[in-house]
Undergrad: 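One structure is given below, represented as structure tokens, and several questions about it will come after.
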Amino acid sequence: MSFINVSPDSHFPIQNLPYGVFSTPDNSQKRIGIAIGDQILDLSAVKHLFDGPELLNQQEVLDKDCLNDFMGLGRPAWQEVRETLQRLLSIDEPILRDNTKLRAKAFVPQSQATMHLPSKIGDYTDFYSSKNHAYNVGCMFRGKENALMPNWTYLPVGYHGRASSVVVSGTPIRRPNGQTCPDESQPPVFTTCKLFDFELEMAFFTGPATKLGEPIPIDKTEDYIFGMVLMNDWSARDIQKWEYVPLGPFLGKNLGTTISPWVVTMDALQPFKVPNAEQNPKPFPYLFHEDPFSFDIRLEVALKYDGLQQPQTICRSNFKYMYWTMKQQLAHHTITGCNINPGDLMASGTISGETEDSYGSMLELSWKGTKPLDLGNGITRKFLQDGDEVIMTGYCERDGYRVGFGTCTGKVIPAPPL
């Protein structure tokens with residue numbers, strides 16, 4: 001238990017302690033903090049208290065404007081900092097609890113903070129690892145007989161995204177303009193996207209850098225996975241449909257990707273491991289692992305729009321529905337020798353369950369626009385409209401406490417003039 005008061009429904013008890021980057025009205029400097037209850041502990045103010053063997057001579061990594069250097073230290077340092085934080089915040093530890101002057105300097109209410117991207121993202125890769133989602137989309141566009149492409153159950157399909165358009169929760173997302181082909185018997189047109197969508201995803205940040213030409217073995221991948229965030233990978237479906245053959249998504253995806261500001265560490269998620277999905281055929285040896293690395297993370301998507309007092313929940317899903325694990329994604333990503341750097345971002349792909357209310361995109365929820373989603377009061381949606389705000393939440397729960405990610409939000413704003 002912490003000496004900081006934490007409400008039972010908070011996402012940020014002492015069992016969590018996620019990392020983020022924040023600034024305040026009286027101090028515009030971006031700095032690293034951890035969330036505890038409704039407070040942020042400014043690590044730059046207490047860096048001198050991290051005197052274990054891993055951090056004693058590297059305390060400056062906690063006094064940066066991003067998490068990259070800390071991520072690059074590796075798992076022993078991550079675990080040492082977490083253990084130190086839990087001790088410092090314990091109700092039985094007087095160092096912070098009884099030092100009124102230091103506490104006043106070190107703690108900031110979350111309500112007074114502006115959150116920023118946790119890392120300087122050099123590379124961003126988006127996978128396509130939910131079998132239910134891949135099957136649903138395949139059924140819509142190719143039919144049930146050819147829903148999954150032949151390679152899908154053999155490897156974690158992925159593509160490189162645009163890191164420069166990854167933004168933190170709360171950033172408005174502009175509806176894009178682009179080429180679409182609404183009538184396949186006619187040439188394409190340049191117009192405003194009409195089939196704008198969200199994608200419920202999660203993503204992980206990578207840790208220590210690797211050298212070009214050196215794959216990460218599957219049994220070492222956990223040492224390179226720092227922590228996870230919620231993600232909304234916004235999609236312009238009509239632009240995507242016209243452009244994606246033969247090389248996949250491009251302008252239909254690079255318009256914006258939103259992530260939650262708090263990075264939940266893998267150590268915080270350990271108690272919520274569940275068995276991995278059954279995989280058939282058995283993966284190649286470089287992808288095969290028997291230890292569980294799937295997680296029971298409850299996910300929800302709500303929609304807020306003008307005239308609605310409370311957000312309307314439209315999706316309830318779970319990260320445990322993923323077919324390919326994060327270990328497999330990272331092992332596959334690097335098997336060619338592709339190197340990674342601290343703070344690279346790797347996303348899950350849309351997370352959909354087996355039931356209609358667990359589908360992680362409007363494309364599926366409205367089944368390509370053929371089944372309008374009933375939001376009540378005579379309001380329906382096939383795809384997102386200007387002014388719609390998408391609110392994603394995710395958390396794990398056990399023994400009366402939650403380990404959560406907070407929220408990942410974004411509001412659709414009108415496209416620029418054609």
Undergrad: Using modelled atom types and a 3.5 Å cut-off, is there a donor and acceptor pairing between side-chain atoms of T192 and backbone atoms of N177?
TA: no
Undergrad: How about Y154: does its OH atom have over 12 heavy atoms from other parts shown lying under 6.0 Å from it?
TA: no
Undergrad: With sequence neighbours left out, what residues match Y323 under ring-ring contact (aromatic ring centres under 6.0 Å, His included)?
TA: W152
Undergrad: In this structure, are over 12 heavy atoms from other groups packed under 6.0 Å from K273 atom NZ?
TA: yes
Undergrad: Looking at side-chain heavy atoms only, is the closest gap between L117 and C66 below 4.5 Å?
TA: no
Undergrad: Sequence neighbours left out, what passes ring-ring contact (aromatic ring centres under 6.0 Å, His included) with Y19? Give chain and number order.
TA: F70, F226
Undergrad: Would you give me the side-chain donor-acceptor pairs under 3.5 Å for residues 132-147, sequence neighbours excluded?
TA:
| from | atom 1 | to | atom 2 | distance (Å) |
| --- | --- | --- | --- | --- |
| N132 | ND2 | S352 | O | 3.1 |
| H133 | ND1 | E364 | OE1 | 2.7 |
| H133 | ND1 | E364 | OE2 | 3.4 |
| N136 | ND2 | N132 | O | 3.3 |
| N136 | ND2 | E364 | OE2 | 2.8 |
| R142 | NE | N146 | O | 2.9 |
| R142 | NH2 | A147 | O | 2.6 |

Undergrad: So does I95 get a backbone contact from the side chain of R97, meaning a donor-acceptor N/O pair under 3.5 Å?
TA: no
Undergrad: Would you please name every residue forming a side chain to side chain contact (heavy atoms under 4.5 Å, CB included) with D238, sequence neighbours left out?
TA: T180, C193, K194, L195, A236
Undergrad: Taking K64 first and then D69, would you say they form a salt bridge - that is, a charged N and a carboxylate O separated by under 4.0 Å?
TA: yes
Undergrad: Is it true that the NZ or CZ of R381 lies under 6.0 Å from the centre of Y305's six-membered ring and within 45 degrees of the ring axis?
TA: yes
Undergrad: Test of understanding: with side chain to side chain contact (heavy atoms under 4.5 Å, CB included), list the residues that count as partners of P76, not counting sequence neighbours.
TA: E54
Undergrad: Are any of the side-chain heavy atoms of K241 and E184 separated by less than 4.5 Å?
TA: yes
Undergrad: Determine whether a donor-acceptor pair (N or O, by modelled atom type, separation under 3.5 Å) exists between the side chain of E300 and the backbone of S317.
TA: no
Undergrad: Would you say the side-chain atoms of T206 pair up with the backbone N or O of D344, donor to acceptor, closer than 3.5 Å?
TA: yes
Undergrad: May I ask you to establish whether R402 and Y395 are in a cation-pi arrangement, using a distance under 6.0 Å from NZ or CZ to the six-membered ring centre and at most 45° from the ring axis?
TA: yes
Undergrad: Can you tell me if T407 uses its side chain to pair, donor with acceptor, with the backbone of T393 under 3.5 Å?
TA: no
Undergrad: Please name all residues satisfying side chain to side chain contact (heavy atoms under 4.5 Å, CB included) with P372, sequence neighbours left out, ordered by chain then number.
TA: T380, K382
Undergrad: Name all residues meeting the ring-ring contact (aromatic ring centres under 6.0 Å, His included) criterion together with H116; count only those two or more places apart in sequence or in a different chain, and write none if there are none.
TA: none
Undergrad: Considering only NZ, NE, NH1 and NH2 on the basic side and carboxylate oxygens on the acidic side, decide whether R316 and D357 come within less than 4.0 Å.
TA: no
Undergrad: Kindly write out the residues that satisfy side chain to side chain donor-acceptor pair (under 3.5 Å) with D51, not counting sequence neighbours, or none if the list is empty.
TA: none
Undergrad: Please lay out, stage by stage, how T24 and Q29 fare under the test side chain to side chain contact (heavy atoms under 4.5 Å, CB included).
TA: CA-CA 8 Å; T24 50; Q29 176 64 38; over 6 Å; no
Undergrad: How long is the gap from NZ on K30 to OG1 on T114, to the nearest 0.5 Å?
TA: 10.5 Å
Undergrad: Indicate the ring-plane relationship of F295 and F293, choosing parallel, tilted or perpendicular according to the 30° and 60° boundaries.
TA: perpendicular
Undergrad: Side chain of Q328, backbone of L287: donor and acceptor closer than 3.5 Å?
TA: yes
Undergrad: Just to verify, what does Y124 make a ring-ring contact (aromatic ring centres under 6.0 Å, His included) with, not counting sequence neighbours?
TA: none
Undergrad: May I ask you to test the E389-T409 pair for a side-chain heavy-atom distance under 4.5 Å?
TA: yes
Undergrad: Sequence neighbours excluded, which residues qualify as side chain to side chain contact (heavy atoms under 4.5 Å, CB included) partners of N318?
TA: D296, R298, K320, Y321
Undergrad: Please list, one pair per line, the donor and acceptor atoms closer than 3.5 Å that link side chains of residues 247-266 to other protein atoms, with sequence neighbours excluded.
TA:
| from | atom 1 | to | atom 2 | distance (Å) |
| --- | --- | --- | --- | --- |
| K253 | NZ | E199 | OE1 | 2.6 |
| K253 | NZ | E199 | OE2 | 2.7 |
| K253 | NZ | S235 | OG | 2.6 |
| T257 | OG1 | D233 | OD1 | 2.8 |
| T258 | OG1 | W234 | NE1 | 2.8 |
| S260 | OG | L230 | N | 2.9 |
| T265 | OG1 | A268 | N | 3.2 |

Undergrad: In Å and rounded to the nearest 0.5 Å, what is the CE to CG distance from M392 to L299?
TA: 9.0 Å
Undergrad: Please step through side chain to side chain donor-acceptor pair (under 3.5 Å) for the pair W242 and Q179, ending with a clear verdict.
TA: CA-CA 7 Å; W242 169 240; Q179 290 189 32; 3.1 Å; yes
Undergrad: Can K120 and D65 be counted as an ion pair, charged N to O under 4.0 angstrom?
TA: yes
Undergrad: Measuring from atom CD of E214 to atom CG of N339, what distance do you get when rounded to the nearest 0.5 angstrom?
TA: 9.5 Å
Undergrad: Answer whether the closest heavy-atom distance between the side chains of F127 and V157 falls below 4.5 Å.
TA: no
Undergrad: Flag the pair F3 / M1 as yes when at least one side-chain heavy-atom distance between them is below 4.5 Å, and no otherwise.
TA: no
Undergrad: Evaluate the side-chain proximity of I173 to V412: yes if any heavy-atom separation is below 4.5 Å, no if none is.
TA: no
Undergrad: Can any side-chain N or O of N16 pair as donor or acceptor with the backbone N or O of H11 at less than 3.5 Å?
TA: yes
Undergrad: Looking only at atom types and distance, does a side-chain atom of T171 sit under 3.5 Å from a main-chain N or O of V167, one as donor and one as acceptor?
TA: no
Undergrad: For the side chain of S44 and the backbone of D63, is there at least one donor-acceptor N/O pair under 3.5 Å apart?
TA: no
Undergrad: Near R162 CZ, under 6.0 Å, is it more than 12 heavy atoms from other residues, nucleotides or ligands?
TA: no
Undergrad: With a 4.5 Å limit on heavy-atom distance, are the side chains of F107 and I40 in contact?
TA: no
Undergrad: Do any N or O atoms from the side chain of N68 and from the backbone of P342 form a donor-acceptor pair under 3.5 angstrom?
TA: yes
Undergrad: What donor-acceptor contacts under 3.5 angstrom involve side-chain atoms of residues 85-92, with partners at least two apart or in another chain?
TA:
| from | atom 1 | to | atom 2 | distance (Å) |
| --- | --- | --- | --- | --- |
| Q86 | NE2 | I14 | O | 3.0 |
| S90 | OG | D92 | N | 3.2 |

